[in-house]
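Lettering follows sequence order; numbering is per chain, from 1. Quick note: numbers below take in every heavy atom, side chains included, and nothing from hydrogens, waters or symmetry partners. This structure is a prediction, so every number in the text was calculated from the model and none was measured.
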Amino acid sequence: MATFQSLPGFREFYPEDFARRNHIFRLWRQTASTFGFAEYDAPVLEPLELYKAKSGEEIEAQLFSFTDKGGREVALRPEMTPTVCRLVGAKASALKRPIKWSSIAEFYRYERMQKGRGRCFSQFNADIFGEPGPEAETELIAMLVQCLAAFGLTEQDFYVKLSDRNLWFYYLEALGIDEPRIRGVLGAVDRFEKYGEEAFKGYTEQFGPLDDGVKIKVLAFLQIKSLAALEHTLGSIGGEKLTARLADWKKLLGNLEAMGLARFVEVDLGVVRGLAYYTGFVFEAFDRKGELRALAGGGRYDEMVQKLGGPALPAVGFAVGDMTFALLLEQRGLMPTFVQVPDVYCVIGGAAERHAAFGDIHALRAAGYRVDYPLKEVAFGKQFKVAAESGAKIALLYGGDEIAKGVVKLRDLTDRSEREVPQADVVATVRDFFTGGR
RNA sequence: GCGGUCAUAGCUCAGUUGGUUAGAGCACAGGAUUGUGAAUCCUGGGGUCGCGGGUUCGAGUCCCGUUGGCCGCCCCA
């Protein structure tokens, strides 16, 4: 057993694991690019204040934080939102609108390990700044769907729940509830799915029992699962804010439907999301079977940039974590196995032939082909076995007889046919083979 | 932070009521095989039995502690 092991919750990526992670990152990047998002990155280590200012003292318990040698209180980033808000805020006036940014980065939280959750994890983050209307949500939800669909997942595998903190506020206001109590009710709504009636316990302790008439309405509102039901409930109340908000909902859902994504999106007002900074639409992606943690989450946070010292700048964003997502891909058999496969494997006779082969090997590699060969002298039989197992399409045979004739034997490892090629033509011949010529 | 459960080779595991030098399969490496691919056979490397203490003539095995993994709770991207 090794003397040293990795810290609890941290991951090591052996080549096979690294290839899987690369596969995920590659498709996320590609998706972000097709949606016109620009990629950025930022420091892993940030001033502790950045997170205290944003999320309150409680999140500090989950931070990897310490004092550096200069006496600064610092923390490993637990999420990207405060950082990206600082970056955008600092240059907001110089950035072309809309500001569409994305990143793939690793984050750290000092938490108890569990399935789909570790102390370090990677997230794909995407945000749009400077767009107050539901057009921004349209872009982000569409991209969120594509970030999962790009791997072959369908509406039978996952869906996105859409909710709205503004709508809750306006509705509860219309019922005559003041702001502190609204927050209390939202806390109960957040927990209702899991705890049922128990969810209101915290509210009752703080504010006393919720009026029965109000509670019935809250419970009914919470179970709304369609735009039609929403309109039905709110239509009778009216009011400028609610009417305008309903128009936003219609626009967002209409946009998503026009993109052909309606089958991925479900209205679910039971989602309000715990993070305090969300200010409008919020959404979360889940696997359809309901076996895993949330795959992704996001929402609007219009006040964050300003709170961190920047200009007033509306913002929406979401994040997809890599751990739960990888579990889902594996469950659905959508995680390919990755092997490093050479294009060409060279079978080499002895020391003299080896030197003859090296020139071609390097020339082929410089031409962009993946070429491998045994580092040590090995019996022919074994070399051919290795060549076949490597997955290479062709083997180049550098034997004494061939070298003497100034040729190389090219073996097609798929159909086992062989032919001789003048050594001077090796690169051109290999190129023809792979471009379809043969 | 709380509870359950587990820990023997790189992986999957066996190891008798406590008894000599801890085993197998797979994987890896070498050979049988100095000119051609899935087989077979032989050989080899690799272990502080998670770590520490205790009981015992003797501990992989029993007891206590500890660390780590997994699962659930709390919390929450």
For this session: Under 4.0 Å between any heavy atoms, over every strand shown, what does A/A387 touch: base, sugar-phosphate, or nothing? Just pick one.
Result: nothing

Problem set entry | Residue A/K382, side-chain atoms from C-beta onward, closest of B/G37, B/C74, B/G31 | B/G31

Exercise. Which part of the nucleic acid, if any, lies within contact of A/E389, taking any heavy atom under 4.0 Å across all strands shown: a base, the sugar-phosphate backbone alone, or nothing?
Worked result: nothing

For this session: Select base, sugar-phosphate, or nothing to describe what A/K409 touches, counting heavy atoms under 4.0 Å on all strands.
Result: base

Exercise. Do A/V189 and A/F221 touch side chain to side chain, with heavy atoms closer than 4.5 Å?
Worked result: no

Exercise. A/F124 vs A/W28 aromatic rings, parallel, tilted or perpendicular, using cut-offs 30° and 60°?
Worked result: tilted

For this session: Report the distance from atom CD of A/Q383 to atom P of B/A29, rounded to the nearest whole Å.
Result: 14 Å

Exercise. Among A/F325, A/F25, A/F158, whose ring-ring contact (aromatic ring centres under 6.0 Å, His included) with A/F151 holds?
Worked result: A/F325

Problem set entry | Distance-only donor-acceptor check, side chains A/E106 and A/Y108, under 3.5 Å | yes

Problem set entry | G-U wobble or Watson-Crick pairing nucleotide for B/C73 (cut-off 3.5 Å, both distances) | B/G1

Exercise. Taking OH from A/Y345 and C1' from B/G37, how many angstroms apart are they, rounded to a whole number?
Worked result: 13 Å

Exercise. Of all the nucleotides listed (B/G37, B/C75, B/G68), which has the minimum atom distance to the side chain of A/Q62?
Worked result: B/C75

For this session: For A/L7, report the nucleic acid contact type (base, sugar-phosphate, nothing); a contact means any heavy atom under 4.0 Å.
Result: nothing

Exercise. Hey, are the side chains of A/F192 and A/Q223 touching, using non-hydrogen atoms and a 4.5 Å cut-off?
Worked result: yes

Exercise. Do A/D127 and A/Y301 have a side chain donor and acceptor closer than 3.5 Å?
Worked result: yes

Problem set entry | Nucleotide nearest A/K376 when distance is taken to its side chain, options B/C73, B/G30, B/U36 | B/G30

For this session: Would you mind telling me which of B/U36, B/G31, B/G72 lies closest to the side-chain atoms of A/E418?
Result: B/U36

Exercise. NA contact type, A/E353, heavy-atom cut-off 4.0 Å: base, sugar-phosphate, or nothing?
Worked result: nothing

For this session: Please work out if A/G350 contacts a base, only the sugar-phosphate, or nothing of the nucleic acid, heavy-atom cut-off 4.0 Å.
Result: nothing

Exercise. Between B/C74, B/C75, B/G69, which nucleotide gets closest to the side-chain atoms of A/R191?
Worked result: B/C75

Problem set entry | Nearest-nucleotide pick for A/K115, side chain only, options being B/C71, B/C70, B/G35 | B/C71

For this session: Report the nucleotide, chosen from B/G35, B/U33, B/U36, that has the shortest atom-to-atom distance to any side-chain atom of A/E402.
Result: B/G35

Exercise. Does the ring of A/F384 meet both stacking tests against the six-membered base ring of B/G37: centre distance under 5.5 Å and plane angle under 30°?
Worked result: no

Exercise. Across the strands shown, which category fits A/G298 at heavy-atom distances under 4.0 angstrom: base, sugar-phosphate, nothing?
Worked result: nothing

Exercise. If you check every side-chain atom of A/K385, which of B/G37, B/C71, B/C75 has the closest atom?
Worked result: B/G37

Problem set entry | side-chain N/O A/R112 vs B/C76 OP1/OP2, d < 4.0 Å | no

Exercise. Roughly how many Å is it from OH in A/Y14 to P in B/G10, rounded to a whole number?
Worked result: 10 Å

